[in-house]
Protein chains: 2
Amino acid sequence: MARIKSTENNSKREVIIKEASKLFKEKGFTATSMRDLAERVGVEAPSLYNHIQSKSELLKIICSNVGEKFAVKIAEVEQIEMPAIEKVEKLLRFHIQEMINYYEEEYVSGREWRYLKDPYLSEYREQRRNYRKRFTAIIQEGIDQKEIKKLDANTAVLILLNAITSIDQWHRIVHKVSSKELEENIVTILIEGLRNN
Amino acid sequence: MARIKSTENNSKREVIIKEASKLFKEKGFTATSMRDLAERVGVEAPSLYNHIQSKSELLKIICSNVGEKFAVKIAEVEQIEMPAIEKVEKLLRFHIQEMINYYEEEYVSGREWRYLKDPYLSEYREQRRNYRKRFTAIIQEGIDQKEIKKLDANTAVLILLNAITSIDQWHRIVHKVSSKELEENIVTILIEGLRNN
DNA sequence: CCTACCGATCGGTAGG
DNA sequence: CCTACCGATCGGTAGG
């Protein structure tokens, strides 16, 4: 009995988080009201608070789920023995796949994170900084090994990450070209842009 | 007398628009209140309405100023006789310079335009679509001429534009590397990524 | 899970 | 340009 109840509550909570991701993507975090969210979930606004603590908590959950995935991924890539430029390619492909498969969550964590409240805001900022720093180190390694052109590694990372993660028309392009073709297009432009010929 | 009054009003109006750009960039359009803006300008909130019609109008002015600049620029570039890939390069350099010199306005028009209200929202969407379409045509021309790699021109445009216009740390990078170096870094990555070797 | 309702804040107006 | 103030809407609570 308690077991079933708990399962029901968890799945309802997940529905709420999923709908929140969609709404925050569509309208933005600040412009989304808890009444909007309640309507999508099919309850009255106060009922949401039986499953979550606050609007703020929803944003925090979305952002830290995404942040966690990238922390795990970069740790994995760092450990593989391969040329730095191939590590960069692996990370880019991962970003593209995440955009294709979890578009709303990626979009929200990429563009709405600034509305996080302060213990979480600082944590998330630190997590992003850490990720970018490690990504930058991989690029710098590639430059030192002459696999990558001589350029400012910090700038390169910002260009690469923004090129992929801030596109707000995935649905449109994914319907025009296949997701495989999309991935190859992006990797071609960005990796060949970095590669030292 | 009337002349002086008019000049004063216009400059006050420009101060309001400038401060609004900064605030919309810092906090987002929806999260910025007219009281926030009034405080920056140094008046009480209702006094703002002697210079502007609505909060919405401020966003519209910022977005259409930026949109207009790009409409003029692409018309200019289309008329020059030069290889398509050099046209692309010209446009990229223009985007970078605009980001360096008018960061707040570019950021707001790039990321907060979706909060425009409906006659303006549709107009702005159309303007963006038109710009991207013409940019895509230049890339397609480059592909046909074998100056640019064979890839989906629509995807390429989105990658290029997002790579530059959605970076939210210009102030940080511009202080680390010179703006000339920054421009060369970005152009190197993106143009070499497109170029057919 | 709902109804009833709260204090705060919003964009904007009236009137001087 | 200000004071006074409006109706609407917000996130969230109490109580059942």
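Quick note on labels: first sequence line is chain A, next is B, and so on, each numbered from 1.
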Asks: Sugar-phosphate means primed atoms, P, OP1 and OP2; the rest is base. With that split, encode nucleotides 11-16 of chain D 5' to 3' as B, S or - using protein heavy atoms under 4.0 Å.
Replies: BBB---

Asks: Keeping the roles fixed (side chain from A:E57, backbone from A:Q53), state whether a donor-acceptor pair exists under 3.5 Å.
Replies: yes

Asks: If only atom types and distance count, is the side chain of B:Q145 paired as donor or acceptor with the main-chain N or O of B:P83 below 3.5 Å?
Replies: no

Asks: Round to the nearest Å and state the distance from B:L23 atom CG to C:dC10 atom P.
Replies: 12 Å

Asks: Check whether A:D36 reaches the backbone of A:S33 with its side chain - one donor and one acceptor, N or O, closer than 3.5 Å.
Replies: yes

Asks: Is the backbone of B:T32 close enough, under 3.5 Å, to the side chain of B:K55 for a donor and an acceptor to pair up by distance?
Replies: yes

Asks: Expressed in angstrom and rounded to an integer, what is the separation of B:D36 atom CG from C:dC10 atom P?
Replies: 7 Å

Asks: In whole angstroms, how far is the P atom of C:dC1 from the CD atom of A:E39?
Replies: 16 Å

Asks: Measure centre to centre between the rings of B:Y107 and B:F24, then say whether the value is under 6.0 Å.
Replies: no

Asks: Mind telling me whether A:F29 and A:Y115 have parallel, tilted or perpendicular rings, with 30° and 60° as the class edges?
Replies: parallel

Asks: Both distances under 3.5 Å, Watson-Crick or G-U wobble: on that basis, could you give the dot-bracket string for DNA chain C, with [ ] for crossing pairs and | for other-strand partners?
Replies: ||||||||||||||||

Asks: Donor-acceptor check, side chain of A:R114 to backbone of B:E26, threshold 3.5 angstrom: yes or no?
Replies: yes

Asks: So, is the end of the A:K60 side chain (NZ or CZ) under 6.0 Å from the ring centre of A:Y124 and within 45° of the ring's axis?
Replies: no

Asks: Rounded to the Å, how far apart are B:I52 CD1 and D:dC1 C1'?
Replies: 15 Å

